[in-house]
Amino acid sequence: MAIFQLQCSIFMSLLLKFRSGLKAEIGIFFPMLVLRVLENVLQPSFLQKMTVLNLLEKISQDSQIIIDIFVNYDCDLDAPNIFERTVNGLLKTALGPPAGSATTLSPAQDITFRHESVKCLVGIIKSMGGWMDQQLRIGESSHTRFPESDISTEGHSTSNGEDAALPDYDFHPENSEFSDATTLEQRRAYKLELQKGIALFNRKPSKGIEFLISTKKVGGSPEEIAAFLKSASGLNETVIGDYLGERDEFPLKVMHAYVDSFNFKEMDFGEAIRFFLRGFRLPGEAQKIDRIMEKFAERYCKCKPSSFTSADTAYVLAYSVIMLNTDAHNNMVKDKMSKADFIRNNRGIDDGKDLPEEYLGALYDQIVKNEIKMSSDSPAQQSKQATSLNKLLGLDGILNLVTGKQTEEKPLGANGLLIKHIQEQFKAKAGKSESMYHSVTDIAILRFMVEVCWGPMLAAFSMTLDQSDDRLATAHCLQGFRYAVHVTAVMGMQTQRDAFMTSVAKFTYLHCAADMKQKNVDAVKAIILIALEDGNHLQEAWEHILTCLSRIEHLQLLGEGAPTDASFLTASNGEMEERTPKPSGLSSLKKKGTIQDPAVMAVVRGGSYDSTTVGFNSSGPVTPEQLSNFISNLNLLDQIGNFELNHVFVHSQQLNSEAIVAFVRALCKVAISELQSPTDPRVFSLTKIVEIAHYNMNRIRLVWSRIWSVLSDFFVSVGLSENLSVAIFVMDSLRQLAMKFLEREELANYNFQNEFLRPFVIVMQKSSSAEIRELIVRCISQMVLSRVSNVKSGWKSVFLIFTAAAADERKNIVLLAFETMEKIVREYFPYITETEAMTFTDCVRCLLAFTTSRFNNDVSPNAIAFLRFCAVKLAEGELLSNGKSISDGSTLDTAESGEVVLNAETFTNKDESSSFWVPLLAGLSKLTSDSRLAIRKSSLEVLFSILKDHGHVFSSHFWIAVFHSIVLPIFNFVSEKEVPVGDDQSSPSSRTSHSEASTWDSETASVAAHCLVDLFVSFFNVVRPQLSSIVLIITGFIKSPVQGTASTGVAALVRLTDDLGIKLSEHEWSQIYVGLKEAAESTIPGFFKVLGTMNNIEFTHYSQNDLEMDSDHGFSGDDIEDDNLQTAAYVISRMKSHIAVQLLLIQVVADLYTSHPKSLSRGNIAAILELFSSVASHAHQLSSEMKVQKKIQRVCSVLELSGPPVVHFENESYQNYLNFLQYLLLQFPGLSSEMGMESRLVTVCMEVVQTYLNCTSQQFAQVKSVNRPVLHWILPLGSAKKEELAARTTLVVTALRVLGNLERDMFKKHASRFFPLLVDLVRSEHSSGEVQRVLTYIFQQCIGSIILE
């Protein structure tokens, strides 16, 4: 044993000092000396294995050796995977012998092995971490880094100053096989893929060959595959023999190529077959052996043609040799073959001749004395040789291995065969080109090392920690976890890092505290150390740490007897008062044998690590044993104080930019899981979020923006929670943070305040809880009013919150928000635009939102008043002086809520303030169509008041844009919507729906028209081009079927012309007159459609002749249906309104041309004439509808209504027509002559007389009888006719006087046209003598003078 220990000591020295020069030798000695002992799990020598474990422990303490072993062996294609085999061997030792297997170890020895192997694994991962940290420090401190492929000498020197000597070839980089970590990665990947192919070949040879060819690890030709099978290590020799014996075409070609690769020229038959069979094991199937031996015989004879007569001899002899080898060396064969038997069996095989007996005898002796076996068959593989290692690996053995010397006289036993096998390995290595020994500095190599060792280490640490209660062993395991997390975290290996973190977190047993032990508390301490040491690299793994901290705090609170958070978050006020003095903690647990609190009961029962709520899915009562264990374990947790718990959070200030974001993100996830717990919601992590934000508030804004992005999403998510108490707590926490943020100064044009207030905005807009919305409004009000001077970009969020509050269903929320808005606008308006003028727009939009509040009596009117206040401030230039204005003049899109759309081109100008006026004016413009009368009137008055009072600050370009986009759209329904009246409106229901869907009431219309004209008159010089639009709007009012609205339009037109008459040009007057003409003409078709509905009304009991009878007899309403009465009543009402509007129009025109005679150009005169002519013709046509008139008279009689003034309408229209013609003849004689006014005047007079005659002509009744002449009876006029004649008398007298006052020549010229009418007048009955007197005058003075000539 002392010799073995000495050998290990010598081997350690070789590793420390000479490993760069003995790379190949160490690659042979390490598996033989260390790995064979390490991998022997069942029946190892205790002292030998302890020696090996001690050796490995020393090796693991040297980080450079660990790295060098992996680089030079595991990444070398021709070298064994020493590092991988070492780690796996340590894992096997740590796990111990498999259950049920026979072993020579005692339990104490087994435990010792386990602990030592874990210690070695911990040392390995610790060394890897130390090397990594060292390289990182070197990289940070040095500006120049040596190439990672540089060949470095061993940096380890012994205490006596001896340095390692390097071979000469180490100083020639061109011989290097690895250039850097990237190349190592490629070589490592190549080796792993090759090993994968070999493993697949050992299972399924054909599949393995296909894989190796497809991955280009071997060529596709039979010769290349044969060479691979002959030289590759790791191949199963039995599988090789089976594959070579296949009869398929391709394996057969491979077998031929394999045999042909041998050269038997210098070998006798015995040596040749021994050399041939050392690479594979013959298959058990005779046919396969036959094919292989047949090819072997052929190849041997080809190499040595003179050896046998034919290949058949070699073939038979080969079979005989194989049978002899089996017979001589198989213990199952009792009767051994003698030499004579062997000679006899081979008689006559050489083409009928015998081979020499001496030859066969020598061959027999050679086979019997030295068994034919494969090169991999070694006595060292047998467990019985473990006891001979002491003798084998003594100093003499080492010299023999190196020099190859062996006592010839001594027969080769098992040790000798092993020595010979090692010598052959040296020979094989010597035949290959020597590979370079490398030492890298790139830490990327650790990735490949971790990929190899992380699984075994995780299994070893976990199993040991789970099964062992030994304090030292568990301490080693926890150290291993810490080092493993450190390496994997720094290297960014997320999967491996999370695996280690999850395991150590589970071993805390905080999820089932009743089962905790001291080792679990130590695991908690390890978790805290990991957080403090490697926090910068943990990323997502922070969630495990913070979950553990949350559970620790929960258990500590239970131990202190404090009430649970759930008692405050889930109970009402009354319930909380009852629960507060009754804590269910450690003190109460000790007194009671059972637990009543479900939350505490769940904690005692425990649950799975991954469950959101510990014990939530568990059921059943808590046993006294569980309770006792739980209480004692709570005492164990006293080892972890509040300082250690809070230190992790305080230490967050030291985390780098990436780590703090990951930390906050993980903390938010844990907080959500706490708050969403169905049985035991908690606020521990939520309070820590506020603390973390406070600790890290001084970080740069770029980092803070990323942190707040995470926190913002968290606050929004939890703020919308269905648990009202949780949501309130979260909003209050957010308020605390926001107050702290507002204490910090924010420079102009930054947006951070707006970002940290964004969660309030989103929750306010989306929350269905009135309590939460009210809380938000109160929080924002408090923050703003207490820190108003610090609010900068946050104004935008403030106004968005109040905008959402304005639409709230709760009156108290609306009033509270508006109260704050009122105070802000009244007292703190300069602060709003102190740093950013655009916040003025947000303020305006907020006030506009309040104008639409359903609680209009309290809020809406005041909001409109504040809009006027904002306009005053804007006009005074406070925005441009306080804040940074917008220089591009682009407008805001105010169409979000259906407002007037303002495109960017409309307001693109040099006026910087235009973009602020737009939302204010557009919002008021939209309000003019509000459904509430008071709001409509108020918004109209405020809008036009603002425009009138502050329009002087507008540029002309902006004024035009205001008119087009704000003012005129208010009257779109007037100017564009001529009220259609069709058959579908004959019923009252359709009339009602129409009136509701149409426009303003007459009062609002009157206010609007007055404001419009007033504004236009005030800024006429600027907005003069908009006259046509103004006229269009006014005439739109006039076209209204409602008399009041039409009167409003007429009044507006009068006001317009009175104020601007002297300023208007001929063209502008033309616009007015043409507009009036079109207004008069456009209403006529629609009116006749309404009048046409009377034709559909039939009256029963009365014939047509009855209807034509004199109305003096009266009517009863019994024969008229109710629906017909309603329809007729509507027609009568429309007729009265229509006539009134037409009369207004002709009166306005009469007033215009008399007041402004200069407006009467030729074109305007023509337009007026057309207007009077169309109205007069329309009036005459209306009075001629006798059938309709009779029906209307009957309905009026039944309903006791006054009839429409049809005759008055006709009289007035013709009267004004005559007056205008006479005015033209008197004032413009020349123009009148050119336009033929005299002839038109005579024509109009004739129409008047003819109408009068038509009224009197009905007294002639014609009675027709068969075979009798026609009788003409003169009937007296009825009272109704007399009244009509009396009404028409004035007009006909006027017409006759006009005719009588014509100049003599003119009268004479036209006398022939109207003389028959005068004659008819003489024959007619008149209600007044005035007609006869005028006729007398005409006949005496005018006609008489002509006759006397």
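The figures that follow rest on heavy atoms only: side chains count, while hydrogens, waters and symmetry mates do not. Predicted model, so just to flag it, every value in this text is computed and none were measured.
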Can you list the steps and then say if L212 with L194 is a side-chain contact (heavy atoms from CB on, under 4.5 Å)? CA-CA 7 Å; L212 291 168; L194 178 62; 3.9 Å; yes
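- When all heavy atoms are compared, the tightest approach of R274 to I367 is NH2-CD1, 4.0 Å.
- Aromatic ring centroids of F308 and F269 lie under 6.0 Å apart.
- The side-chain tip of K253 does not point at the ring of Y258 from less than 6.0 angstrom away and within 45° of straight on.
- No close placement of the F276 and Y300 rings is indicated, their centers lying 6.0 Å or farther apart.
- A donor-acceptor contact closer than 3.5 angstrom links the side chains of S221 and E224.
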Would K339 and D365 count as a salt bridge (Lys or Arg N to Asp or Glu O under 4.0 Å) if you check the C-alpha gap in whole Å, the side-chain angles of each, and the deciding distance to 0.1 Å? CA-CA 8 Å; K339 184 184 297 185; D365 294 336; 3.2 Å; yes
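- At least one donor-acceptor pair under 3.5 Å links the side chain of D74 to the backbone N or O of E84.
- A cation-pi arrangement is present between K49 and F113, with the terminal nitrogen or guanidinium carbon under 6.0 Å from the aromatic centre and inside a 45° cone about the axis.
- No option in F280, F262, F275, F264 other than F264 meets the ring pair (Phe, Tyr, Trp, His ring centres under 6.0 Å) test with F296.
- Closest approach of H329 to N370, counting heavy atoms only: NE2-C, 4.2 Å.
- N325 places no side-chain N or O within donor-acceptor distance of the main-chain N or O of E371, the cut-off being under 3.5 Å.
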Worked verdict on D68 versus R19 for salt bridge (Lys or Arg N to Asp or Glu O under 4.0 Å): CA-CA 9 Å; D68 288 348; R19 63 179 179 274; 3.0 Å; yes
Starting from the C-alpha separation in whole Å, work towards a yes-or-no answer on side-chain contact (heavy atoms from CB on, under 4.5 Å) for T86 and V34. CA-CA 8 Å; T86 301; V34 179; 5.7 Å; no
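- Each of M293, K295, Q287 was compared with R291 under the side-chain contact (heavy atoms from CB on, under 4.5 Å) criterion, and only Q287 meets it.
- Note on ring orientation: taking the six-membered ring where Trp is involved, the planes of F29 and F11 are perpendicular (angle over 60°, cut-offs 30° and 60°).
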Could you please spell out the steps behind the side chain to side chain donor-acceptor pair (under 3.5 Å) verdict for S338 and D341? CA-CA 5 Å; S338 64; D341 294 334; 2.9 Å; yes
side-chain contact (heavy atoms from CB on, under 4.5 Å) between K23 and Y73: does it pass, once the steps are laid out? CA-CA 9 Å; K23 176 179 178 180; Y73 296 100; 3.8 Å; yes
What do the steps show when you test D260 against K302 for salt bridge (Lys or Arg N to Asp or Glu O under 4.0 Å), and what is the final call? CA-CA 10 Å; D260 289 340; K302 188 174 183 179; 6.0 Å; no
Residues T309, K353; criterion side chain to side chain donor-acceptor pair (under 3.5 Å); working and verdict: CA-CA 9 Å; T309 305; K353 300 177 183 179; 6.0 Å; no
